[in-house]
Each structure stands twice: as structure tokens, then as C-alpha cells.
Peer 1: 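First the structure, which I've put down as C-alpha cells, then a few questions once you've had a look.
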Amino acid sequence: MKKQDFKKRKIAYFTMEVGLDPKIATYSGGLGVLAGDTLKSCADLDVPLIAVTLLNEKGYFAQKLDEGGSQAEIPVEWPKEEFLTLLPVQVSVNIEGREVRIRVWEYIVKGITGATIPVYFLDTNLQENAEYDRSLTSFLYGGDQWYRLCQEIILGIGGVRAIEAIGYQNIEKYHMNEGHASLLALELLERTKKDDEEDIYKQYDLESVRNKCIFTTHTPVAAGHDRFPLDLVKRALRSDLPFKMPGLFIRDNEMNMTLIALNLSKYVNGVAKKHGEVTREMFPGYSIDSITNGIHLLTWAAPAFKKLYDKYIPGWQSDYFSLRYAMGIPKEEIFQAHLEAKKELIDYVNARTGIGMNYDIFTIGFARRATAYKRADLLLSDMNRLIEINNKAGRMQIIYAGKAHPKDGGGKELIKKIFSRIKELNPKVRIAYLENYDMTQGKLITAGVDLWLNNPLPPQEASGTSGMKACLNGVPNLSILDGWWIEGCIENVTGWAIGSAQKQNTDSAQDVRDLYQKLENIIIPMFYKEKDKWLEVMRHAIALNASFFNTQRMVQEYVLNAYL
Ligand SMILES: *Cc1c(COP(=O)(O)O)cnc(C)c1O
């Protein structure tokens with residue numbers, strides 16, 4: 001980085017995971033992919049921002065599935081030297097009275113006009129550190145609560161120190177991507193201490209810290225909000241501020257990372273309009289805005305669609321709004337581009353599974369983290385009904401993928417259940433479950449299927465972004481009205497809804513009936529018999545949704561609403 005660059009950059013974005021490249025295995029799912037897409041758009045738009053994350057040297061995990069769908073988790077080694085440069089900078093944090101030294105690796109995100117975003121990966125795997133401390137930047141979401149707390153000390157406290165040591169003197173905003181990074185606010189607060197004040201709350205300049213901090217929360221699921229038992233906190237942290245100002249840090253006898261971020265941030269947001277509402281209900285008394293998520297279009301466009309947009313909408317790569325002009329692309333060319341993407345996917349699936357899928361059959365895609373509320377098995381609820389639809393409305397094939405978190409027993413059971421249904425339905429309905437869902441597969445599947453299905457139990461999906469990748473590639477969504485789809489769905493125009501936004505179905509049975517009904521009476525018949533209508537929906541998905549649900553629009557909102 002050049003000298004003036006250190007002066008110019010004013011925003012620091014902190015994230016536990018980041019998905020910048022399929023080979024840099026430092027992400028687990030939506031949160032990391034969003035962070036990566038955000039940084040790419042920041043580079044495209046030349047936003048003066050830097051990012052901080054953990055090295056996660058052994059990644060999240062690689063998924064192996066046996067015959068019965070039992071998941072095994074294999075550590076991943078990714079070639080960090082190929083992507084990152086080690087900087088001549090070290091800082092340290094104190095954990096449990098020990099000095100833990102941190103070194104820093106730099107990755108440069110390059111934007112389309114040549115502007116860059118530096119990303120700093122914190123690494124404790126140094127000889128001078130104790131054996132345990134050396135492992136603290138190994139596994140993303142690995143280990144127990146103690147491991148996680150130590151990691152969050154590295155990220156939050158170590159991160160603030162690292163960017164100063166690198167040379168950034170003018171950071172004015174600290175953006176916490178999820179509560180994992182909240183301890184950065186503790187570090188900033190510690191620095192405001194004035195000894196001549198009696199009242200503890202006046203000893204520290206809360207307002208100045210609040211003016212610097214921004215917090216984005218990403219899930220309405222309670223388990224997604226980190227909390228730590230106070231004995232662990234006492235043991236790990238050198239600072240006693242959480243105990244001196246419990247109102248800011250502690251709830252229900254635990255240090256609550258979301259609470260810290262809420263109390264110490266001036267700007268707080270959820271990641272879709274509905275998620276903003278849900279978050280306001282979860283945390284009454286706080287001012288909470290919403291900025292709907294997006295995707296980095298250049299990353300997620302299949303080669304055939306990239307070519308098509310380059311041909312008909314020159315300049316779209318630096319102006320994502322201009323995808324609205326996709327309404328002028330001849331439908332037949334959209335169809336041809338889709339066939340190309342579909343062929344690539346079907347070849348990939350057949351090569352991996354030997355299942356013998358067909359290019360001409362209506363193909364449904366469902367890929368996301370395997371966890372109970374996402375209800376991956378909903379489509380397979382009634383096997384007879386599914387076969388009946390397949391026979392009467394038109395043939396279908398289904399592609400699944402998704403990892404379960406190593407500690408999510410329910411998620412693992414779900415994969416096994418799908419495996420057993422797959423065996424029962426084969427060969428009447430061909431279904432594949434791909435092993436080791438990652439960004440590469442995400443890109444292939446979202447572009448190559450004919451219909452993208454998402455049916456979480458509302459209101460637990462904060463936003464979701466995979467459906468946006470589908471839209472970009474002209475693939476219509478069929479989804480529960482939750483997260484971003486409440487904003488993106490225009491029935492029969494951009495895709496279809498399961499249930500209604502006003503009156504959410506309270507039991508899965510109703511959702512299953514809706515899902516089958518739409519497939520049988522509307523979607524499959526349109527796919528096979530009304531090609532022109534189908535292509536119109538594809539084109540609307542691009543023009544109405546991809547032009548809006550992207551990180552260029554999203555980053556512009558962050559700049560205007562949060563950073564400036
Ligand atoms: C896009 C993506 C996600 C996020 O998708 P959801 O809609 O939240 O399921 C997760 N994992 C991977 C690998 C992705 O590419």
C-alpha cells in the first residue's frame with residue numbers, strides 16, 4: 001500500500017469469515033459469501049475501506065457423504081502463500097494473562113477499474129505462541145465456546161491493533177459484520193479512559209465510540225447470536241469493563257456480543273426489510289434500519305450470461321442498475337444462454353454421481369446449509385404426490401447440496417433422510433445430492449437449474465442470497481415469502497411464492513400443499529407448454545431482480561446511510 005493510501009482509507013470492515021475465492025476456504029456460507037461480494041463491490045466502486053478477518057488456515061471443513069448420507073468432516077488445507085502476502089507487522093493481545101502474538105497476511109481485492117480493497121488475515125500460528133494459541137486461527141467455527149471467545153478477542157481486539165500497526169491512521173468507521181467482531185468496540189472504549197472522573201460511565205467516552213461503530217446483524221435465529229459465560233470472560237479478557245458496565249455488555253448472566261454491538265454502534269441494520277422488522281421486535285429500544293443484501297454480479301454470472309450482457313448491455317459491469325435493460329434482450333438468446341449453463345451443470349452432476357440426468361427435463365435446485373429450519377426435505381414430504389406430479393404435469397429432476405454444521409445433529413439427520421428418499425424415488429424421479437457444497441458448486445447450481453427452490457420456516461431467513469444468483473442467470477425462484485423474496489417476488493412475473501407474507505403458514509403441511517399445487521398447476525406446465533411465457537419470467541428475473549439485488553446497490557446504501 002502507498003503512503004497516501006494509509007491516509008485515505010477511513011472504514012474498517014471486520015468479519016469472522018469471508019468468501020473471496022473458492023480456493024480461499026475461509027467461509028462457511030452466506031455470511032462469508034456476502035462479505036466477499038461486499039468487498040468486491042467496494043473495490044469496483046473505490047470505497048476507501050479495508051477489511052479484517054481471521055486466517056482460518058484449515059478452513060471450515062470439506063464434506064464427505066457415505067452411501068447413507070452420513071457426513072464426515074475433513075479439514076481443508078488451502079494454499080495461503082498463493083494468495084496472500086505476509087506483512088512485516090506483528091501485534092499481540094492478552095488472553096488468560098498470556099501474550100498471544102498475531103501476524104498479518106494481506107490479500108488485495110481488485111475492482112473493475114483498478115481500485116483495490118486490502119483484506120487483512122490475522123494469524124496466531126507463530127512459534128513463540130503457546131501450542132493452543134497457535135491453533136486459534138485454524139478452524140472457522142471449530143472448537144468450543146472457549147475457542148470461539150479467544151478467536152473473537154483476536155478478531156476484535158487484535159484486529160484494531162493490527163490495522164494501526166500496518167499504518168492506517170485515519171479510520172473513522174468500524175463496521176462489525178455480525179456480532180463476532182464486537183470486542184473491537186471494547187478495545188475502542190478502553191482507549192477513551194479518563195482517570196479524573198468518578199462516575200464509571202463518564203470515565204469512558206461512549207459517544208465517541210458509538211460515532212465510530214456500525215453493526216450489521218444477520219440472523220433472527222437465537223443460536224446465531226454469540227453469548228459467553230461470565231467465568232470464561234473473566235478468565236480470558238484482560239479488560240474488566242464488561243463487569244464495570246454490565247448494562248452494556250451483559251444480559252442474563254452472559255456476555256452478549258449482539259448487545260455490545262447494539263449498545264456501542266450508532267448505526268445498526270438488518271439485511272432485508274422484513275429482517276429489519278423482526279430485529280426491531282427482538283431488540284426493542286434500539287434504532288434498527290435495514291439494508292437488503294445483494295450479490296456481486298460479475299462473480300455469479302455464468303459465462304454464457306456474462307457474454308450475453310456484454311453484448312446487449314455494455315457497461316453493465318460497472319453499472320449494475322443497467323441490467324434493467326435486459327428487457328430488450330431477445331428471449332431466444334436468454335434461452336440459449338440458459339441451456340449452456342444447464343448443460344454445464346448436468347454434465348458436472350452426471351460426472352460426479354453417475355445418475356444420468358437429462359438436459360431436457362425440468363430441473364429443480366435446492367442448495368444451502370442443511371439445518372432444520374431450512375426444511376430441505378419439504379419437497380420430498382409426500383412421495384406419492386411427487387410421483388403423481390412427475391407423471392401428470394411433466395417430468396422433473398432435483399439437485400441438492402449442502403453441509404450440516406459439525407455440531408448440528410438435526411442437520412445431519414436431514415441429509416440422511418434425503419438420501420433415503422432419493423433411493424426410494426430413483427429412477428422415477430432422479431435426485432442427486434452433491435457432496436461438499438461450496439462457491440464453485442453454488443455458481444454452477446444457481447445458474448444451471450430451471451427453478452430455484454427455497455422453503456425455510458419463516459421468519460428465520462434473514463435474507464438469503466442464493467436466490468439472487470439464480471435471478472442473475474435468468475432462473476426463476478419458487479420460495480417462501482421470507483427474507484429478500486418478500487421484496488423480490490412478483491407472482492408469475494419474477495417467480496412464485498409459497499404461502500403469503502401476511503399470513504404465514506404455521507405448519508409445514510400447508511406449505512407442502514402450496515408447493516405441490518404451484519408446481520403441478522402453474523410452474524411445470526408453463527415450463528413444458530408455454531415456452532414464451534416461461535422466458536418472459538426468466539427475463540423479468542434478470543431485469544427486475546438482478547438489477548436491484550446486488551452488492552453495488554447495497555454498498556451504495558451502506559456508504560450513504562452508515563459510512564458518511
Ligand atoms: C450464495 C451462497 C450461500 C448463501 O446462500 P443462502 O441463500 O443463504 O442459502 C451459501 N453458501 C454458498 C456456498 C453460496 O455460494
Side-chain angles (χ1 to χ4, degrees), residues 30 33-34 271-275 292-295 297 300-302 305 323 326 334 338 341-342 345 362-369 374-376 378-379 396-402 442-501 504-505 511-512 514-527 533-550:
V33 172
L34 178 82
V271 291
K273 290 198 190 304
K274 171 78 178 180
H275 180 233
T292 303
N293 278 167
I295 55 164
L297 301 187
W300 297 104
F305 277 93
L323 276 194
I334 291 177
H338 174 65
K342 186 172 181 183
L345 170 66
F362 176 68
T363 305
I364 300 175
F366 188 105
R368 49 188 52 84
R369 184 157 53 92
K374 301 220 182 208
R375 298 190 296 188
L378 202 74
L379 177 63
M396 62 178 118
Q397 54 196 13
I398 307 165
I399 298 169
Y400 276 103
K443 182 165 175 173
L444 278 173
I445 307 173
T446 51
V449 295
D450 297 306
L451 181 75
W452 189 250
L453 176 67
N454 189 19
N455 48 39
L457 192 65
Q460 302 191 62
E461 186 90 314
S463 166
T465 53
S466 55
M468 302 173 187
K469 299 169 194 166
C471 289
L472 168 66
N473 293 290
V475 173
N477 280 256
L478 167 61
S479 174
I480 293 277
L481 286 168
D482 197 14
W484 82 280
W485 191 234
I486 297 174
E487 298 163 55
C489 178
I490 306 172
E491 187 76 6
N492 276 316
V493 176
T494 57
W496 301 273
I498 303 167
S500 90
Q504 277 159 358
N505 293 330
D511 285 334
V512 174
D514 267 12
L515 165 59
Y516 288 149
Q517 192 275 117
K518 289 256 161 100
L519 280 176
E520 179 174 38
N521 299 321
I522 298 168
I523 298 171
I524 301 180
M526 191 193 291
F527 177 83
K533 242 175 153 177
W534 184 266
L535 288 173
E536 196 60 37
V537 177
M538 291 182 71
R539 197 158 67 170
H540 278 128
I542 302 165
L544 291 174
N545 282 351
S547 63
F548 182 83
F549 297 99
N550 60 66

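As the structure is a computational prediction, the values presented were derived from the model and not from experiment.
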Peer 1: If you round to the nearest 0.5 Å, how far is CE of Met396 from CD of Glu520?
Peer 2: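 That separation rounds to 9.0 Å.
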Peer 1: How long is the straight-line distance from CG of Leu378 back to CG of Asp511, given to the nearest 0.5 Å?
Peer 2: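 If we round to the nearest 0.5 Å, Asp511:CG and Leu378:CG are 6.0 Å apart.
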Peer 1: With side chain to side chain contact (heavy atoms under 4.5 Å, CB included) as the criterion, how do Leu451 and Leu519 come out once you've worked through the C-alpha distance, each side chain's angles and the decisive distance to 0.1 Å?
Peer 2: CA-CA 10 Å; Leu451 181 75; Leu519 280 176; 3.9 Å; yes
Peer 1: Mark yes or no for whether Asn473, through its side chain, and Trp300, through its backbone, hold a donor-acceptor pair below 3.5 Å.
Peer 2: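 It does hold such a pair.
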Peer 1: Atom CG in Leu453, atom CD1 in Ile523: separation rounded to 0.5 Å?
Peer 2: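 Answer for the CG-CD1 pair, Leu453 versus Ile523, is 8.5 Å.
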Peer 1: What are the two closest non-hydrogen atoms of Leu481 and Ile486, and how far apart are they?
Peer 2: C-CG1, 3.5 Å
Peer 1: Could you tell me whether Glu536 and Arg539 make a salt bridge, using a distance below 4.0 angstrom between a side-chain N and a carboxylate O?
Peer 2: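 Looking at Glu536 and Arg539, the cut-off is met.
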Peer 1: Taking the side chain as everything from C-beta on, heavy atoms only, tell me whether Ile522 gets closer than 4.5 Å to Asn492.
Peer 2: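 The answer is yes, as the side chains (C-beta and beyond) meet within the 4.5 Å cut-off.
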Peer 1: Just so I know, are the side chains of His338 and Val475 near enough to count as touching, which here means a heavy-atom distance under 4.5 Å?
Peer 2: yes
Peer 1: Please check this pair: side chain of Ser479 against backbone of Asn454, looking for a donor-acceptor N/O pair closer than 3.5 Å.
Peer 2: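 Confirmed, Ser479 side chain pairs with Asn454 backbone.
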Peer 1: Kindly indicate whether the side chain of Trp485, heavy atoms from C-beta on, has any atom under 4.5 Å from the side chain of Asn545.
Peer 2: yes
Peer 1: What is the minimum heavy-atom distance between Ala401 and Ile445, and which atoms define it?
Peer 2: CB-CD1, 4.0 Å
Peer 1: Ignoring hydrogens and angles, tell me if any N or O in the side chain of Tyr400 forms a donor-acceptor pair with the backbone of Arg368 under 3.5 Å.
Peer 2: no
Peer 1: For the pair Glu461 and Lys374, find out whether any cationic side-chain nitrogen is under 4.0 Å from an anionic carboxylate oxygen.
Peer 2: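 A salt bridge links Glu461 with Lys374.
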Peer 1: Using 0.5 Å steps for rounding, measure from the NZ atom of Lys469 to the CG atom of Asn477.
Peer 2: 12.0 Å
Peer 1: What's the spacing between Thr494 OG1 and Leu544 CG if we round to 0.5 Å?
Peer 2: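 Going from OG1 on Thr494 over to CG on Leu544, the span is 7.0 Å.
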Peer 1: Of all the heavy-atom pairs spanning Ile480 and Pro456, show the shortest one and how long it is.
Peer 2: CG1-O, 3.4 Å
Peer 1: Of all the heavy-atom pairs spanning Ala341 and Ala447, show the shortest one and how long it is.
Peer 2: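 For Ala341 and Ala447, the tightest heavy-atom pair comes out as CB-O, 3.6 Å.
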Peer 1: Phe362 pairs by side chain to side chain contact (heavy atoms under 4.5 Å, CB included) with which of Val449, Ile398, Asp450?
Peer 2: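 Passing option: Asp450.
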Peer 1: Tell me every residue that passes ring-ring contact (aromatic ring centres under 6.0 Å, His included) with Trp496, counting only those two or more places apart in sequence or in another chain.
Peer 2: Trp534
Peer 1: So do Leu457 and Arg375 actually touch side chain to side chain, heavy atoms under 4.5 Å?
Peer 2: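 Side chain of Arg375 against side chain of Leu457, heavy atoms only: contact under 4.5 Å found.
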Peer 1: Can you name the nearest heavy-atom pair linking Ser463 to Met468, along with the distance?
Peer 2: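 Minimum heavy-atom separation between Ser463 and Met468: OG-CE, 3.8 Å.
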Peer 1: Does Glu487 have any salt bridge (charged side-chain N to carboxylate O under 4.0 Å, His left out) partners at least two apart in sequence or in another chain, and if so, which?
Peer 2: none
Peer 1: Please report the interatomic distance CG(Leu478) to CG(Asn455), rounded to the nearest 0.5 Å.
Peer 2: 8.0 Å
Peer 1: More than 12 non-hydrogen atoms from neighbouring residues, nucleotides or ligands closer than 6.0 Å to NZ on Lys273, yes or no?
Peer 2: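 Atom NZ in Lys273 is not packed in, count stays at 12 or less.
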Peer 1: Nearest heavy-atom pair of Trp452 and Ser466: which atoms, and what distance?
Peer 2: NE1-OG, 3.3 Å
Peer 1: Is the closest side-chain heavy-atom distance between Trp484 and Lys274 below 4.5 Å?
Peer 2: no
